[in-house]
Amino acid sequence: MPVRVLPTQPYPDQKSGTAGLRKKVTVFQQPHYLENFLQAIFDVETTLHGCTLIIGGDGRYHNRVAIRTAVAMAAGNGIAKVIVGQGGILSTPAASNLIRIHDAAGGLLLTASHNPAGPDGDFGIKFNIAGGGQAPEALTGRIFDASKTLSRYRIFEGAAVDLDRLGSQTLGDTVIEVIDSVDDYAKLQQSLFDFEQIRDWFTRGGRICFDAMHAVTGPYARRILIEQLGAPESSVINAIPLEDFGGGHPDPNLIYAKHLLELAMTPDAPDLIAASDGDGDRNMILGRGLFISPGDSLAMLAAHLDRLPGYKSGLKGLARSMPTCRAVDVVAKARGLECHETPTGWKFFANLLDANRLTLCGEESFGTSSSHTREKDGLWAVLAWANVLAVTGKSVQQIASEHWAQYGRHYYVRHDYDELPTATANGIVDRLRNTLPSLVGGQFGDWTVTQADEFSYTDPVDGSVATAQGLRIVFGDAARIILRLSGTGTEGATIRLYLERYERAADRLGWTTTDALAPLAAIADQLIRINELSGREGPSVVT
Ligand code: G1P
Ligand code: ZN
């Protein structure tokens with residue numbers, strides 16, 4: 001019997017957050033570390049037994065080793081069928097889609113998103129449930145508990161799966177099907193967008209530059225943009241996924257993809273410039289001469305989406321996370337659509353999507369997606385923009401300025417203070433929390449505080465309540481200052497400060513973000529005193 005039960009020692013640190021279990025590669029390389037965590041999943045999520053499981057990862061260092069182990073343990077734990085992307089590759093949205101179309105009981109996504117990769121970099125595992133969404137907190141909590149007391153794991157030994165050979169193989173009673181990593185994802189996108197129209201746009205001279213940042217979206221972007229839509233070869237850059245992401249930090253934002261902003265500012269810039277992150281769920285959008293903030297991108301897509309084939313029957317509802325700017329709310333109001341404000345993290349959208357209350361949702365952290373999957377989807381957002389440009393015949397610049405003229409403009413920035421001592425970070429947040437009640441009614445320049453509170457959220461679908469989701473100081477529709485602690489950092493504590501200012505008058509739509517937000521930054525400084533209390537000169541990252 002090649003299924004063996006082997007001893008393991010429990011690890012006390014296998015608590016997974018919204019982003020899964022994320023640790024240094026060297027941590028995952030400890031004896032039975034991966035096995036222990038995987039066995040905890042198999043022990044707790046008993047619905048997997050006898051069912052289908054999807055496995056794939058972002059291609060980073062340690063991906064193949066970990067995927068072989070995961071497949072052998074699936075076979076050791078009575079999984080009937082494992083579907084794995086060729087070479088172990090699946091982007092996060094592609095894996096979510098596979099879970100859905102194969103009615104799988106779950107999926108193992110091996111990724112640490114945009115975190116640096118390589119022998120000294122990070123590794124991670126996320127468990128997604130039936131339906132394609134991220135594991136809820138109650139479930140990750142039970143998996144964590146199980147991981148702390150495990151003494152054995154089950155694995156199929158004696159034969160290894162060939163991850164590169166397409167087709168079926170067996171490990172004992174388990175069928176392993178290696179599939180093309182891109183096929184089903186490309187079909188999904190084709191069902192949502194007008195490929196004919198986008199192809200035509202390229203033929204008429206439309207130009208795109210998509211930066212895969214040497215991460216997982218390379219093969220996806222090449223297949224769809226170049227092979228299927230006919231864009232020239234040069235349209236996809238850094239298209240070869242590398243185990244160390246080329247030494248880069250595949251997080252598409254104004255810091256790590258600054259070169260794209262520089263490209264956008266050149267006179268001969270392509271019409272659409274975009275990038276995705278390590279595992280393909282984030283997106284960044286730029287046009288010739290301008291960067292579209294994620295909150296604006298969400299609002300602009302909301303205003304155009306019903307012109308695209310997959311959304312012609314109309315939008316069910318819109319949603320954004322609380323710190324994301326309120327641009328999408330303005331579109332929702334104008335169009336009479338439901339608009340939800342949820343806590344940070346994709347899982348809150350998934351409930352609304354499952355209940356058919358939502359079509360389009362997004363976060364300020366470069367995440368956008370729709371009802372087609374249960375994860376954010378980087379390439380989806382890029383294709384949506386390409387289709388909007390093709391169907392309207394307008395430039396990104398025109399779409400943006402017309403949008404601002406019609407709905408007003410939200411200037412927006414996020415300041416991150418990384419790796420603060422936990423006590424310092426908590427002290428800053430606690431101090432502001434205590435002063436909130438005294439702020440209401442306060443006058444700051446032209447702005448009056450209309451609301452100052454800690455955000456909590458009651459899920460309209462299941463009634464569950466999430467408390468302590470960030471502090472907000474609201475100046476009516478005119479502005480907001482938001483402060484929250486990051487839930488995903490790996491070292492110390494990270495404070496995020498978000499500034500949002502809304503203007504409608506025609507002569508106030510063309511400011512730079514920095515100029516527009518300077519007065520609000522001064523108010524935030526006066527009220528929160530982050531620099532002073534943290535001993536920092538300024539934020540570590542501004543996006
Ligand atoms: C961050 C982002 C959040 C996103 C999450 C996972 O979480 O802010 O929008 O859902 O990463 O990608 P945070 O560190 O702020 O808790
Ligand atoms: Zn990601």
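Values below: all heavy atoms of this structure, side chains included; hydrogens, waters and symmetry mates excluded. Note that ligands are numbered from 1 as they come in the structure, with each ligand's atoms numbered from 1 the same way.
The residue from Arg484, Glu375, Arg282 that puts a heavy atom closest to atom 15 (O) of ligand 1 is Arg484.
Scanning the protein heavy atoms around atom 10 (O) of ligand 1, the nearest turns out to be Glu363 OE1, 2.7 Å. Among all non-hydrogen protein atoms, the one lying nearest atom 9 (O) of ligand 1 is Ser365 OG, 2.6 Å. Nearest non-hydrogen protein atom to atom 8 (O) of ligand 1 is Arg414 NH1, 3.5 Å. In this structure, atom 5 (C) of ligand 1 lies nearest to the protein heavy atom Thr488 CG2, 4.0 Å. The protein non-hydrogen atom at the shortest distance from atom 6 (C) of ligand 1 is Lys376 NZ, 3.8 Å.
Some N or O of Gly487 is nearer than 3.5 Å to an N or O of ligand 1, by distance alone. Of the N or O atoms in Thr344, none lie within a sub-3.5 Å distance of an N or O in ligand 1. Considering both main-chain and side-chain atoms, Trp346 never comes within under 3.5 Å of ligand 1 through any nitrogen or oxygen pair.
Heavy atoms of Gly367 stay at 4.0 angstrom or farther from ligand 1.
Remark: Ser16 OG to Ile41 CD1 distance equals 7.0 Å, nearest 0.5 Å.
With a cut-off of 2.8 Å, the Zn ion (ligand 2) has an N, O or S atom of Ser113 in range.
Between Asp145 and Arg142 there is no salt bridge, since no side-chain N of the basic residue sits under 4.0 Å from a carboxylate O of the acidic one.
Using modelled atom types and a 3.5 Å distance limit, the side chains of Asp211 and His259 yield a donor-acceptor pair. Looking at Thr494 and Asp416, their side chains never bring a donor and an acceptor atom within 3.5 Å of each other. For the 3.5 Å distance criterion, the side chains of His372 and Ser370 qualify, holding a donor opposite an acceptor. Between the side chains of Gln189 and Tyr185, at least one donor-acceptor pair of N or O atoms lies under 3.5 Å.
Among Leu90, Leu225, Val236, the one residue that satisfies the side-chain contact (heavy atoms from CB on, under 4.5 Å) test with Tyr220 is Leu90.
Annotation for ligand 1: atoms under 4.0 Å from non-hydrogen atoms of Arg496 are 8 (O), 13 (P), 14 (O), 15 (O). Against a heavy-atom cut-off of under 4.0 Å, Gly345 is close to the following atoms of ligand 1: 10 (O).
At the Zn ion (ligand 2), the vertex angle linking OD1 of Asp281 with OD2 of Asp277 is 90° (nearest 10 degrees).
Ring centroids of Tyr502 and His410 are separated by less than 6.0 Å, placing the two rings close together.
Within a 6.0 Å sphere centred on CD1 of Ile101, heavy atoms belonging to other residues, nucleotides or ligands number more than 12.
Neither the backbone nor the side chain of Lys347 has a heavy atom within less than 4.0 Å of ligand 1.
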For Asp120 and Lys24, run salt bridge (Lys or Arg N to Asp or Glu O under 4.0 Å): C-alpha distance rounded to whole Å, both residues' side-chain angles, the deciding distance at 0.1 Å, then the answer. CA-CA 7 Å; Asp120 301 320; Lys24 292 270 170 229; over 6 Å; no
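The Zn ion (ligand 2) lies closest to atom OD1 when only the N/O/S atoms of Asp279 are considered.
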